[in-house]
Amino acid sequence: QVQLVESGGGLVQTGGSLRLSCTTSGSIFSMNTMGWYRQAPGKQRELVASFWRGESTNYADSVKGRFAISRDNAKNTLYLQMNSLKPEDTATYYCNAGSFSHELQRILYYWGQGTQVTVSS
């Protein structure tokens, strides 16, 4: 029942910025986890940034100091501000949400369709 829709990807030059948005069909307040992942060609999907244990945030070492995750609970939207972009940031970025299902007694993970980010050299 949860649907995630990403937007904001595009083509930017090295050093540029992009702001990704993920709008959810449900309340992100009720989500156990929320985060951004990315997958580059030939590489495994990796965690970029996430909220965990409440308001705590976690970032991949490769993006620390450059990316910032945030959310607007009222708008049910998750954001990823990406600054000082590098060619190695080129990937498809996915929004992810995890929510515990009382019916199934397990955490269900939801993914958006992804948005492409390409950083030119």
Side-chain angles (χ1 to χ4, degrees):
Q1 65 174 203
V2 177
Q3 292 189 322
L4 311 176
V5 180
E6 303 100 329
S7 63
L11 174 64
V12 298
Q13 64 187 52
T14 297
S17 299
L18 282 175
R19 185 197 191 202
L20 305 184
S21 298
C22 171
T23 300
T24 73
S25 61
S27 174
I28 63 174
F29 179 78
S30 66
M31 302 295 178
N32 296 105
T33 61
M34 289 289 293
W36 289 95
Y37 290 72
R38 69 184 181 186
Q39 186 167 24
K43 299 186 67 177
Q44 186 177 14
R45 186 172 298 185
E46 65 174 346
L47 174 67
V48 177
S50 68
F51 282 104
W52 67 289
R53 295 186 179 181
E55 300 299 321
S56 299
T57 56
N58 182 60
Y59 295 91
D61 289 340
S62 60
V63 307
K64 287 182 178 178
R66 299 189 298 119
F67 291 10
I69 188 171
S70 62
R71 59 190 175 192
D72 187 328
N73 293 327
K75 295 183 177 180
N76 290 149
T77 301
L78 183 73
Y79 302 98
L80 182 67
Q81 179 65 47
M82 305 185 293
N83 300 321
S84 302
L85 284 162
K86 305 174 181 179
E88 51 262 43
D89 293 318
T90 295
T92 299
Y93 285 71
Y94 299 89
C95 179
N96 173 264
S99 181
F100 183 76
S101 170
H102 289 87
E103 294 181 85
L104 301 177
Q105 291 293 294
R106 69 181 181 89
I107 295 178
L108 299 180
Y109 295 95
Y110 303 91
W111 296 91
Q113 293 299 108
T115 185
Q116 179 66 37
V117 171
T118 302
V119 184
S120 64
S121 59

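Values below: all heavy atoms of this structure, side chains included; hydrogens, waters and symmetry mates excluded.
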Test your reading of the model: is there a side-chain donor-acceptor pair from [X] to the backbone of [Y], 3.5 Å cut-off?
X	Y	value
E6	C22	no
W36	Y79	yes
Y59	L47	no
S62	A60	no
S50	G35	no
N96	Y109	no

So which heavy atom on S84 is nearest to which on R66, and how close? O-NH1, 3.0 Å

Once the angle between the rings of F67 and Y93 is folded into 0 to 90°, is it parallel (under 30°), tilted (30 to 60°) or perpendicular (over 60°)? tilted

Under 6.0 Å from the CD atom of Q113, do we count more than 12 heavy atoms belonging to anything else shown? no

E88, CD: over 12 other non-hydrogen atoms inside 6.0 angstrom: yes

Between the side chains of E55 and R71, is the shortest nitrogen-to-carboxylate-oxygen separation below 4.0 Å, so that they form an ion pair? yes

Just by distance, no angles: are the side chains of S17 and N83 close enough, under 3.5 Å, to form a donor-acceptor pair? yes

Residues S120 and Q13: side-chain donor-acceptor under 3.5 angstrom: no

Partner residues of [X] under the side-chain contact (heavy atoms from CB on, under 4.5 Å) criterion, sequence neighbours left out:
X	answer
Q105	F100, H102
E46	R38
V119	V12, T14, L85, P87, D89, T90, V117

Is Y37 linked to M82 within one hydrophobic cluster, defined over Ile, Leu, Val, Met, Phe, Trp and Tyr using a side-chain heavy-atom separation of less than 4.5 Å? no

Separation between OG1 (T24) and CE (M31), nearest 0.5 Å, reads 5.0 Å

